[in-house]
Amino acid sequence: MQLNGSDVIIECLVEQGVDTIFGYPGGAVLNIYDALYKNSDRIRHVITAHEQAACHAADGYSRTTGKTGVVLATSGPGATNLVTGIATAYMDSVPMVAITGNVTRNLLGLDSFQEVDICGITMPVTKHNYIVKDPEKLPDIIREAFRIANEGRKGPVLIDIPKDITAAMIEYEKKEPLKSEYKDPDTFEAEIAEAAELIKKCERPFIYAGGGVVSADAVDEMKEFVRKCNAPVALSLMGQCAYDNTSENYIGMLGMHGTKAAAKAVSGCDLMIVLGSRFSDRVLCNPNTFAKNAHIIHLEIDPAEIGKNIEVYHHVTGDVKKAIARLNELLPDMSHPEWFNEVMGWKKKYALRMVPIESEDEVLPDQVISALDDLTDGKAIISTEVGQHQMWAAQYYDFKCARSFASSGGLGTMGYGLGAAIGCKVGNPDRTVVNIAGDGSFFMNCNELSSLAKHKIPLIELVFENDVLGMVRQWQRLFYGKRFSQTNIERGTDFMKLADAFGIEGVRITKKDEIVPQLKKALEYAAAGRPVLVDVVINKDVNVLPMVPAGADVSQPIMEIDLES
């Protein structure tokens with residue numbers, strides 16, 4: 001049938017199973033928005049206050065539903081406002097399709113109004129991108145974009161569509177979504193067999209898993225693998241919901257702000273089994289001393305990551321879900337009681353803790369997050385901004401369910417969390433969604449409180465208010481002689497008045513005995529369909545510990561900071 005380009009876009013999105021997109025209208029995408037208006041019963045559009053938040057919303061939607069997130073923006077500044085969100089998704093391997101409008105084809109390259117080469121700009125941070133110059137190719141480009149976004153190591157794809165393409169008449173024929181062309185390498189079975197033999201022979205196994213386990217929907221396979229190996233488990237920041245944090249085997253996050261038990265397990269194991277993680281610098285800390293007494297087996301879908309940041313003894317390149325399942329078939333039930341008990345002793349000895357700074361009545365972040373964990377039974381979806389609060393969330397919320405965590409790990413994007421939380425809640429309307437923020441990040445996206453009010457999105461925005469850029473201040477304290485250059489925010493904003501101005505509920509916590517009752521009130525508001533801002537006032541000198549200084553051995557973290565020295 002003959003349809004105009006905008007209607008073809010809608011039909012192709014429906015083909016792919018898309019029922020929700022996030023975006024912001026503008027001149028170059030007016031035809032697409034007209035088609036969305038006519039098809040509002042088929043695709044829900046969620047407008048945010050800023051395009052970057054729309055991109056983060058598509059990201060959060062994808063991470064917590066397993067579907068491909070879709071974001072739509074106009075040309076020029078609308079498109080460039082997506083760049084940080086696209087880069088965030090790229091660094092964390094999140095499948096997303098970003099659709100941008102552009103000026104008509106005859107105006108391309110003439111520095112026309114709101115024209116920008118968004119394909120050139122985003123080339124380093126997309127798996128692939130397109131500018132559509134032939135209207136007849138539009139349907140297949142959209143289909144291919146979704147395939148590429150989800151094939152192999154997942155990530156974002158951008159489609160730039162000139163305005164005249166969206167008005168052109170195009171021959172459209174409905175087709176089934178393209179199947180992934182990814183195939184495990186021919187060496188897959190041999191690599192699996194060798195890995196299984198190494199695991200059988202080891203005496204002190206240690207399992208470390210990342211976001212690839214969640215992305216591959218391999219959580220159940222990993223659970224069985226841990227049982228068979230009888231090994232302690234640590235997770236990366238991106239892998240926080242890959243394994244039940246309340247399990248006896250779980251010893252915490254690994255890396256710069258991970259637990260000392262996990263760090264000691266790296267040094268003490270004889271075999272480190274790495275599942276779906278890319279060995280970022282925040283995990284390795286010092287690659288020259290990392291796991292120096294162990295053989296490392298790396299299971300990873302992206303061959304470019306094998307040996308990139310650290311040399312490994314053996315690797316399995318392929319789909320981590322299939323790889324773990326195959327290992328489960330080859331491995332017997334094993335037991336390593338002496339090693340396991342030793343690690344559990346470290347877990348108890350070096351348990352995370354915070355101590356009051358000025359008074360016993362002051363609010364500590366671990367108390368707030370642990371109370372939230374108790375009140376939600378570890379089953380809420382947690383998104384975060386970036387900073388101290390992000391690490392506290394990973395340290396103290398005990399995730400029990402897969403696809404329950406959305407946080408910017410690779411790019412470290414302040415301002416990510418609230419937009420992401422919108423996508424999380426839209427994609428999971430029956431689950432409790434909490435965005436954990438610091439006031440530094442909050443001031444980067446508090447305009448999105450208007451989006452919560454407009455769409456009546458009943459999520460909880462929990463802000464730790466300490467009037468400083470906490471993580472940067474912590475580094476300044478330790479390594480810059482307490483020269484707190486530009487890290488004191490002190491903007492004087494009353495968060496409760498701000499909540500009222502945006503038309504959402506406001507709750508404030510200033511004392512220890514207010515934590516549970518005020519969190520209960522916030523959860524009741526959310527359950528009743530009302531978005532809520534929770535202002536948690538904390539001491540500016542609360543730090544994230546443990547902390548491994550840059551370049552130091554991961555097994556030698558700072559456990560205490562003397563505030564007086």
Side-chain angles (χ1 to χ4, degrees), residues 91 204 206-210 232-240 251-270 272 274 277-296 298 305 307-313 342-343 345-347 349-355 366 386-396 407-412 469-485 487 541-565:
M91 291 289 281
R204 301 187 305 279
F206 172 50
I207 297 170
Y208 167 62
V233 179
L235 300 173
S236 71
L237 179 67
M238 290 292 90
Q240 276 306 293
I251 58 174
M253 184 169 65
L254 177 64
M256 180 176 283
H257 296 293
T259 64
K260 188 163 184 177
K264 286 183 72 65
V266 170
S267 299
C269 68
D270 63 358
M272 183 174 181
V274 181
S277 183
R278 61 182 180 85
F279 287 114
S280 78
D281 59 299
R282 288 299 175 99
V283 168
L284 293 177
C285 296
N286 185 339
N288 296 320
T289 61
F290 187 85
K292 61 184 178 182
N293 299 316
H295 286 154
I296 299 175
H298 192 188
E305 292 295 340
K308 186 178 85 173
N309 295 331
I310 189 171
E311 290 297 323
V312 299
Y313 184 79
E342 183 178 15
V343 176
W346 296 336
K347 178 180 178 179
K349 181 178 180 179
Y350 300 113
L352 296 170
R353 65 186 183 91
M354 285 187 177
V355 294
D366 65 325
V386 170
Q388 290 179 316
H389 59 277
Q390 178 188 33
M391 296 300 107
W392 292 328
Q395 289 175 333
Y396 293 106
S407 188
S408 175
L411 196 64
L469 300 178
M471 188 64 87
V472 186
R473 178 186 171 88
Q474 181 169 330
W475 279 67
Q476 288 173 335
R477 175 183 295 281
L478 288 170
F479 310 117
Y480 292 86
K482 296 186 181 179
R483 295 182 293 277
F484 299 126
S485 177
T487 48
D541 287 321
V542 179
N543 293 294
V544 177
L545 295 170
M547 178 183 180
V548 181
D553 188 321
V554 71
S555 66
Q556 299 297 321
I558 296 171
M559 300 298 289
E560 294 183 9
I561 295 176
D562 185 353
L563 299 177
E564 301 301 324
S565 64

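These numbers come from a predicted model, not from an experiment.
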CZ (Arg204) with more than 12 external heavy atoms under 6.0 Å: yes
Side chain proximity check, Leu237 to Arg282, heavy atoms < 4.5 angstrom: no
Working for side-chain contact (heavy atoms from CB on, under 4.5 Å), residues Asn309 and Asp281: CA-CA 8 Å; Asn309 295 331; Asp281 59 299; over 6 Å; no
Euclidean distance, Lys264 NZ relative to Ser555 OG, rounded to 0.5 Å: 7.5 Å
Pair Val472-Phe484, side-chain contact (heavy atoms from CB on, under 4.5 Å): steps then yes or no: CA-CA 9 Å; Val472 186; Phe484 299 126; over 6 Å; no
His257 and Pro557, any side-chain heavy atoms less than 4.5 Å apart: no
Phe206 versus Pro232, closest heavy-atom pair with distance: CD1-O, 3.5 Å
Spatial distance of atom CZ (Arg473) from atom OH (Tyr480) [nearest 0.5 Å]: 15.5 Å
Check: His298 ring centroid to Phe279 ring centroid under 6.0 Å: yes
Distance-minimising heavy-atom pair for Ala265 and Ile251: CB-CD1, 3.8 Å
Nearest-0.5 Å distance that lies between atom CD in Glu311 and atom CZ in Phe290: 14.0 Å
Whether Ser277 side chain and Ala209 backbone form a donor-acceptor pair below 3.5 Å: no
Residues in side-chain hydrogen bond (donor to acceptor under 3.5 Å, both in side chains) contact with Lys308, at least two apart in sequence or another chain: Glu305
Rounded distance (nearest 0.5 Å) linking atom CG of Asn286 with atom CG of Asp553: 6.5 Å
Closest contact, heavy atoms only, Met91 versus Arg278: O-NE, 4.0 Å
Sequence-distant partners of Glu342, side chain to side chain contact (heavy atoms under 4.5 Å, CB included), two or more places apart: Trp339, Trp346
Residue pair Gln390 / Ser408: nearest heavy atoms and the distance that separates them: NE2-O, 3.1 Å
Gln476 and Thr487 side chains, donor-acceptor separation under 3.5 Å: yes
Chi angles and distances behind the ring pair (Phe, Tyr, Trp, His ring centres under 6.0 Å) call for Phe479, Trp475: CA-CA 6 Å; Phe479 310 117; Trp475 279 67; 5.3 Å; yes
Shortest non-hydrogen contact from Ile558 toward Leu545: O-CD2, 3.6 Å
Gap between atom CG of Leu352 and atom CD of Gln395 - 0.5 Å precision: 5.0 Å
side-chain contact (heavy atoms from CB on, under 4.5 Å) between His295 and Asp270, worked out: CA-CA 6 Å; His295 286 154; Asp270 63 358; over 6 Å; no
4.5 Å side-chain heavy-atom contact, Val544 and Met471: yes
Pairwise side-chain contact, Met391 with Met547, heavy-atom cut-off 4.5 Å (strictly under): no
Check: Ala552 main-chain N/O paired with Gln556 side-chain donor or acceptor under 3.5 Å: no
Test log, rule side-chain contact (heavy atoms from CB on, under 4.5 Å), inputs Val542 and Met354: CA-CA 9 Å; Val542 179; Met354 285 187 177; 4.2 Å; yes
CG-CD1 distance between Leu284 and Ile310, expressed to the nearest 0.5 angstrom: 5.0 Å
For the student: nearest non-hydrogen atoms of Ala291 and Ile296, plus distance: CB-CD1, 4.0 Å
